[in-house]
Amino acid sequence: VQLQASGGGLVQAGDSLRLSCVVSGRASTRTTVGWFRQAPGEEREFVASSSWVDGRTEYADSMKGRVTISRDNAGNMKELVDLQIDTLKPEDAAVYYCAARRPGYSTSTDISVYRYWGPGTLVTVSS
């Protein structure tokens, strides 16, 4: 499974931003995909995840109501998993990563169970 995140950039506080993750590979359509973020000097933290296994979505409590995760089958063994973030705050500035579990498992907030990672995309929020 390979992952590639995109969509980061410089935005203003209060704006919305949509990040995209292309998940590819033989098992790409059977995985739980999660979004995580890491601010400078901070640990990487869970943001949201979407499960193919049971259709569940899960969100970090701190971001509920401002984030939406969605996924779409793009064909050719590719999935698109997007993260919409609304009402951005300066503290949302971070490198955002998408990651996938081994096929067959549902959502989890536990970063250690996500086996496959892509390079991150930087989100900068100006106040």
Side-chain angles (χ1 to χ4, degrees):
V1 178
Q2 295 83 44
L3 303 102
Q4 180 67 55
S6 64
L10 174 63
V11 296
Q12 291 192 334
D15 284 352
S16 295
L17 186 68
R18 192 173 188 89
L19 304 178
S20 293
C21 178
V22 177
V23 187
S24 59
R26 185 180 299 271
S28 64
T29 59
R30 296 184 285 116
T31 62
T32 281
V33 177
W35 280 95
F36 298 80
R37 67 182 184 180
Q38 187 168 18
E42 302 290 331
E43 293 187 354
R44 195 169 297 186
E45 64 176 0
F46 171 80
V47 176
S49 65
S50 171
S51 168
W52 174 88
V53 172
D54 52 18
R56 286 187 63 214
T57 58
E58 193 166 8
Y59 297 97
D61 289 341
S62 62
M63 299 191 75
K64 280 181 181 177
R66 292 200 301 121
V67 295
T68 305
I69 190 169
S70 60
R71 65 191 297 163
D72 190 21
N73 190 312
N76 197 27
M77 292 192 295
K78 289 185 178 180
E79 285 272 304
L80 299 177
V81 183
D82 288 355
L83 182 73
Q84 173 85 15
I85 310 172
D86 297 320
T87 320
L88 279 153
K89 305 175 182 180
E91 52 264 40
D92 291 323
V95 178
Y96 284 73
Y97 300 87
C98 55
R101 297 193 68 176
R102 290 176 61 189
Y105 292 91
S106 187
T107 63
S108 175
T109 63
D110 184 354
I111 190 172
S112 68
V113 304
Y114 289 82
R115 181 172 185 177
Y116 308 98
W117 291 82
T121 185
L122 176 64
V123 174
T124 304
V125 183
S126 64
S127 57

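FYI, side chains are in, hydrogens and waters are out, and symmetry mates aren't considered; it's all heavy atoms of this structure. Since the structure is predicted, the reported quantities are computational estimates derived from the model, not experimental observations.
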Residues in side-chain hydrogen bond (donor to acceptor under 3.5 Å, both in side chains) contact with Asp54, at least two apart in sequence or another chain: Ser51, Ser106
Arg66: salt bridge (Lys or Arg N to Asp or Glu O under 4.0 Å) partners, not counting sequence neighbours: Asp92
Nearest-0.5 Å distance, CG of residue Leu3 to OG1 of residue Thr31: 7.0 Å
What side-chain donor-acceptor pairs closer than 3.5 Å can you find for residues 84-91, not counting sequence neighbours?
{"residue": "Gln84", "atom": "OE1", "partner": "Arg18", "partner atom": "NH1", "Å": "3.1"}
{"residue": "Gln84", "atom": "NE2", "partner": "Asp86", "partner atom": "OD1", "Å": "3.0"}
{"residue": "Asp86", "atom": "OD1", "partner": "Ser16", "partner atom": "OG", "Å": "2.9"}

Residues which pass salt bridge (Lys or Arg N to Asp or Glu O under 4.0 Å) with Glu45, listed by chain and number, not counting sequence neighbours: Arg37
ILVMFWY clustering at 4.5 Å (side-chain atoms), partners of Val95: Phe36, Phe46, Tyr97, Ile111, Val113, Tyr114, Trp117, Leu122
Nearest heavy atoms of Ala39 and Ala94, plus distance in Å: N-CB, 3.8 Å
Connected via hydrophobic side-chain network under 4.5 Å: Val22 and Val1: no
Spacing of CD belonging to Glu58 relative to NZ belonging to Lys64, to within rounding of 0.5 Å: 8.0 Å
Separation of Arg115 CZ from Arg101 CZ (nearest 0.5 Å): 11.5 Å
Neighbour count above 12 (heavy atom, 6.0 Å) for Tyr105 OH: no
Any side-chain heavy-atom pair of Thr57 and Thr107 under 4.5 Å: no
Nearest-0.5 Å distance that lies between atom OG in Ser126 and atom CG in Asp15: 8.0 Å
Side-chain heavy-atom pair Ser24, Met77 within 4.5 angstrom cut-off: no
Atom of Leu83, atom of Ala48 and distance for their closest heavy-atom approach: CD1-CB, 4.0 Å
Rounded distance [0.5 Å steps], CZ in Arg71 versus OG1 in Thr32: 7.0 Å
From Trp35 atom CH2 to Leu19 atom CG, the distance as rounded to the nearest 0.5 Å: 4.5 Å
Residues forming a side-chain hydrogen bond (donor to acceptor under 3.5 Å, both in side chains) with Ser127, sequence neighbours excluded: none
Exercise: do Ser108 and Asp110 side chains pair donor with acceptor under 3.5 Å: no
